[in-house]
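Count residues from 1 along the sequence.
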Amino acid sequence: MLGRLKQYVFSGVKSHYKDETNRRIIVVNLFAAVGMSITFLLGIRAFIDAEYSLSTTLFIASIVFAISQRLQVRFSSATARTWSITLLISCLMVLTLLLIITGGKDNTGPLWMYLVPPVTMFFAGFVRGLLALIAFTVTCAIILFGFNDASYVADYTYAFKTRLLYSFLTVSFLSAFYEYSRQKSYDTALYLSEQFERQAKHDHLTNLLNRRGAQQCLDREYARMLRSKRPFSVAIADVDRFKSINDTLGHEQGDEVLRQISEKFNARLRGQDILGRWGGEEFIFIFTDTDEAGAVQALESIKELLSKAPLSVNGKEIHVTSSFGVSEVSAETDISSAIRRADQALYYAKDNGRNRVCAISSINSSPFSSSTSQQV
């Protein structure tokens, strides 16, 4: 029993939806169940009391509540969820208006109108909810004060009608204020969450992806490559003689050198390519849908741009170069192996004059010794 109840409450919830979306889906399920149950039970009671028009109205409302819930579950889309909420709110408003007109049981029908503001604001949001409540309030005022002598409208005293409307406006104001505050708090929390997520994945110095962010991109590209069977390439770049730059200019100016280098690297990349700071003075390139030869060609252009255009640091021109190691990633090569091969190609470029682009396929020698791998 509890299992089926839980299944109903969470029906329509998806792991890839935002928390706010899933929360609305759950509340729609709950509200539809409560609305369907209450209107059905009240409909039975009205039928027993021979109030057939009221019972028919309540039975129809019960069916509409059920349809609104099934709509968002059956069609898992934003449009279906919007129609589901619209149907639910419309049903509640129309039912309330009919209860105001007919008076319901012993003229207690208008009391149900206090459900409208919080439900409308929660489901429709502040702006659309406010517009819907304004239209509903105007309609209620017309019914209550515009048809005083109509025989088909329940008889209410003037004092009851004014106090009913004033109290309804008060509840509407409080509901609107609460929804506005809630939405602002949610937007702020979402913004802060996105900023924290960005900081966790980006390097504060260069604003590039950090090692964690780059690794996630590598995993995503590898999964895409396995599906499409189209290889991609990775490259590791290391700034030549960066230690001497730091020793000569200081670490603060060394940081400025890294910032400007990252800008130059970015200037020649395609929109779909990815650049990250791998650590220290090392950068990683991810060339999507690009084989090794294509990556080498792109990096040659980047190398030329960096070596021929001096950097301006603290009013001084500094010529900086970088070495690059490239490896292609295919279904036969996992990411860790590709990174190691790109590192091997990078150290080969360092050992053979620096300011070079070296592809792993061009290396015919054995793996380097540990002393070679420590050279910068």
Item to complete: Given salt bridge (charged side-chain N to carboxylate O under 4.0 Å, His left out), test K243 with D247 step by step and report yes or no.
Response: CA-CA 6 Å; K243 185 177 184 302; D247 292 341; 3.2 Å; yes
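- At least one donor-acceptor pair under 3.5 Å links the side chain of S37 to the backbone N or O of A33.
- To the nearest 0.5 angstrom, L275 atom CG is 8.0 Å from L209 atom CG.
- Not a single donor-acceptor pair under 3.5 Å links the side chain of S193 to the backbone N or O of L190.
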Please set out all donor-acceptor pairs under 3.5 angstrom arising from side-chain atoms of residues 111-134, sequence neighbours excluded.
residue : atom : partner : partner atom : Å
Y114    : OH   : S167    : OG           : 2.5
T120    : OG1  : V116    : O            : 2.7
R128    : NE   : A124    : O            : 3.4

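- Under the 3.5 Å distance criterion, with hydrogens and angles disregarded, no donor-acceptor pair is assigned to the side chains of S312 and E317.
- Qualifying side chain to side chain donor-acceptor pair (under 3.5 Å) partners for R81, counting only residues two or more places apart in sequence or in other chains: Y17.
- Between the side chain of N210 and the main chain of R212, a donor-acceptor pair closer than 3.5 Å is present.
- The minimum heavy-atom distance linking A32 with Q69 is given by the pair CB-CB, 3.6 Å.
- In this structure, a donor-acceptor pair under 3.5 Å is present between the side chains of R270 and T290.
- Inspection of the S337 and D334 side chains reveals an N or O donor paired with an N or O acceptor under 3.5 Å.
- Side-chain polar atoms of E256 and Q260 form a donor-acceptor pair below 3.5 angstrom.
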Item to complete: Given side-chain contact (heavy atoms from CB on, under 4.5 Å), test I261 with L306 step by step and report yes or no.
Response: CA-CA 7 Å; I261 289 175; L306 180 63; 4.1 Å; yes
Fill in: Criterion side-chain contact (heavy atoms from CB on, under 4.5 Å) on V313 and K316, from CA distance to verdict
CA-CA 5 Å; V313 180; K316 298 179 181 179; 5.7 Å; no
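- For R356 (side chain) and N352 (main-chain N/O), a donor-acceptor pair under 3.5 Å exists by modelled atom type.
- Residues K201 and E197 are paired through a salt bridge, judged by an N-O separation under 4.0 Å between the basic side chain and the carboxylate.
- Comment: D343 does not engage R340 in a salt bridge, judged by the lack of any side-chain N to carboxylate O separation of less than 4.0 angstrom.
- The minimum heavy-atom distance linking I142 with F147 is given by the pair O-CD1, 3.3 Å.
- In this structure a side-chain-to-backbone donor-acceptor pair under 3.5 Å is present from T86 to T82.
- Linking Ile, Leu, Val, Met, Phe, Trp and Tyr residues whenever their side-chain heavy atoms come within less than 4.5 Å places F283 and L269 in a single cluster.
- Remark: the backbone N or O of L87 is not paired with any side-chain donor or acceptor of S90 at under 3.5 angstrom.
- Distance alone, capped at 3.5 Å, places no donor-acceptor pair between the Y348 side chain and the I363 backbone.
- Stacking of K303 on the aromatic ring of F324 is not recorded, the 6.0 Å distance cut-off and the 45° axial limit not both being met.
- With 3.5 Å as the limit, one finds a donor-acceptor pair spanning the side chains of S301 and R268.
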In residues 169-177, what donor-acceptor pairs under 3.5 Å come from side-chain atoms, sequence neighbours left out?
residue : atom : partner : partner atom : Å
T170    : OG1  : Y166    : O            : 3.0
S172    : OG   : F168    : O            : 2.9
S175    : OG   : V171    : O            : 2.9

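- When all heavy atoms of N107 and D155 are compared, the pair lying nearest together is ND2-O, 3.0 Å.
- In plain terms, the two heavy atoms of F287 and F232 that are nearest each other are O-CB, 3.2 Å.
- Q72 and N29 share a side-chain donor-acceptor pair at under 3.5 Å.
- Closest non-hydrogen pair, S323 versus K350, comes out as OG-CD, 3.9 Å.
- The closest donor-acceptor contact from the side chain of S84 to the backbone of S68 lies under 3.5 Å.
- The main-chain N or O of M36 is found under 3.5 Å from a side-chain atom of S62 such that the two form a donor-acceptor pair.
- A donor-acceptor pair under 3.5 Å is formed between the side chain of D240 and the backbone N or O of N355.
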